[in-house]
2 protein chains.
Amino acid sequence: MSGAPGQGAPVDAGAAGETRFVDTYLLYLLARASSVASAEFHEEVRARGVPVTVWRILASLKGTAGLTVGDLARSCLANQPAISKMVDKLVIRGLLSRQTDGDDRRRVWVRLTETGEAEVDGLIAAAERHQARLLEAIGPGEAEVLKRALTLLIEHAAPDP
Amino acid sequence: MSGAPGQGAPVDAGAAGETRFVDTYLLYLLARASSVASAEFHEEVRARGVPVTVWRILASLKGTAGLTVGDLARSCLANQPAISKMVDKLVIRGLLSRQTDGDDRRRVWVRLTETGEAEVDGLIAAAERHQARLLEAIGPGEAEVLKRALTLLIEHAAPDP
DNA sequence: CCTAAAAATATTCCTTTTCATATAATAACG
DNA sequence: CGTTATTATATGAAAAGGAATATTTTTAGG
């Protein structure tokens, strides 16, 4: 008696008539693009035993002389408490160091240790290889168009605080 | 914008002229654009007492005759167990219904109830208002360029199963 | 100065997500 | 057909994340 839904064939995921609101919704398109473009590389990162959040923390610090906890959180697109806790663990694991600022003792500088540098260097090399493949797949011209449009969007959507 | 992460410009890298790897990394630019562009509206959604995951579930179902749990999870860019559990709660709250497929009893169809439809209609109206403002801010031509580039990226990065 | 407000980080509590696996049903194949 | 593989969803323990708040330090105002 448990009939099939709607008697006729119900929708499958998105094969037929895409009349859903979300399919024309810019924020969804953005989220989806980010998700699918990152999926493959994030898989590779996890396969190396590195959670994506950790990758973001390490990558954000690379090329800096250290970031405060708050700036690090913003760079990781994450909340401050989440980063605070994750930094704890990475300090324990020897990848990061913490140091209270000398002038303003509320602030805490987070830096890569030698071990952390080595770890992130390998990850960045992998990221660059992946990005090269991705850019080749979509074409360099298209990549430039995309980057420019994204930058413009970021500027318009997020006025500097 | 109390709890919303991810706004703002690239973090100060310290010495002038220094450029971090992430600041030229396409996947980071994408994640940041998505985060920044969504932050304001997600704040509005949460202010209505709706977690973002719930918004995604409801919005994904709108305009369909139901989705299976797996398809719903993919549409929400989330894991299957997470969606399975959240659907549980929304069924209890009367926003969704579950029904096992008649032909293939492994599959479970998830649908909006009348209450769920009413809830999502209000959210979608808000989303459309927000999107209109966003598109106006970046300009309609730019929006088209962006949508086209994102669609292309999705097609190239996501091999359809 | 002294006190009130603001800022940066840490902490607490609770919800959600994740990872791995269990369960159940269908498909495939000899 | 019976057995093995595969697919879809659910479940359970552990980790992560988020909202609210505490703590410490600095800044501002009178």
Given atom [atom1] of [X] and atom [atom2] of [N], what is their separation to the nearest angstrom?
X      : N      : atom1 : atom2 : value
B:R107 : D:dT6  : CZ    : C1'   : 14 Å
B:D101 : D:dA8  : CG    : C1'   : 11 Å
A:I92  : C:dA10 : CD1   : C1'   : 14 Å
B:L67  : D:dA8  : CG    : P     : 14 Å
B:R56  : C:dT16 : CZ    : P     : 15 Å
B:I83  : D:dA8  : CD1   : C1'   : 15 Å
B:M86  : D:dG17 : CE    : C1'   : 12 Å
B:L72  : D:dA8  : CG    : P     : 14 Å

Quick test: give all pairs of protein nitrogen or oxygen and nucleotides 19-25 of chain C nitrogen or oxygen below 3.5 Å, distance rounded to 0.1 Å.
from: C:dA25; atom 1: OP1; to: B:R105; atom 2: NH2; distance (Å): 3.2

Is the shortest side-chain N/O distance from [X] to OP1 or OP2 of [N] below 4.0 Å?
X     : N      : value
A:K89 : D:dA16 : yes
A:S84 : C:dA10 : yes
A:T53 : D:dG17 : yes
A:R98 : C:dA10 : yes

Rounded distance [0.5 Å steps], [atom1] in [X] versus [atom2] in [Y]:
X      : Y      : atom1 : atom2 : answer
A:Q131 : A:I124 : CD    : CD1   : 11.5 Å
A:L30  : B:L150 : CG    : CG    : 5.0 Å
B:W55  : A:L27  : CH2   : CG    : 9.0 Å

Can you name the one residue among A:V91, A:L72, A:I57 that meets side-chain contact (heavy atoms from CB on, under 4.5 Å) with A:M86?
->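 Result: among A:V91, A:L72, A:I57, A:I57 is the only option passing the side-chain contact (heavy atoms from CB on, under 4.5 Å) with A:M86.
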Hey, is [X] close enough to [Y] for a salt bridge, meaning N to O under 4.0 Å?
X      : Y      : result
B:E117 : B:R111 : no
A:R74  : A:D71  : yes
B:R46  : B:E43  : yes

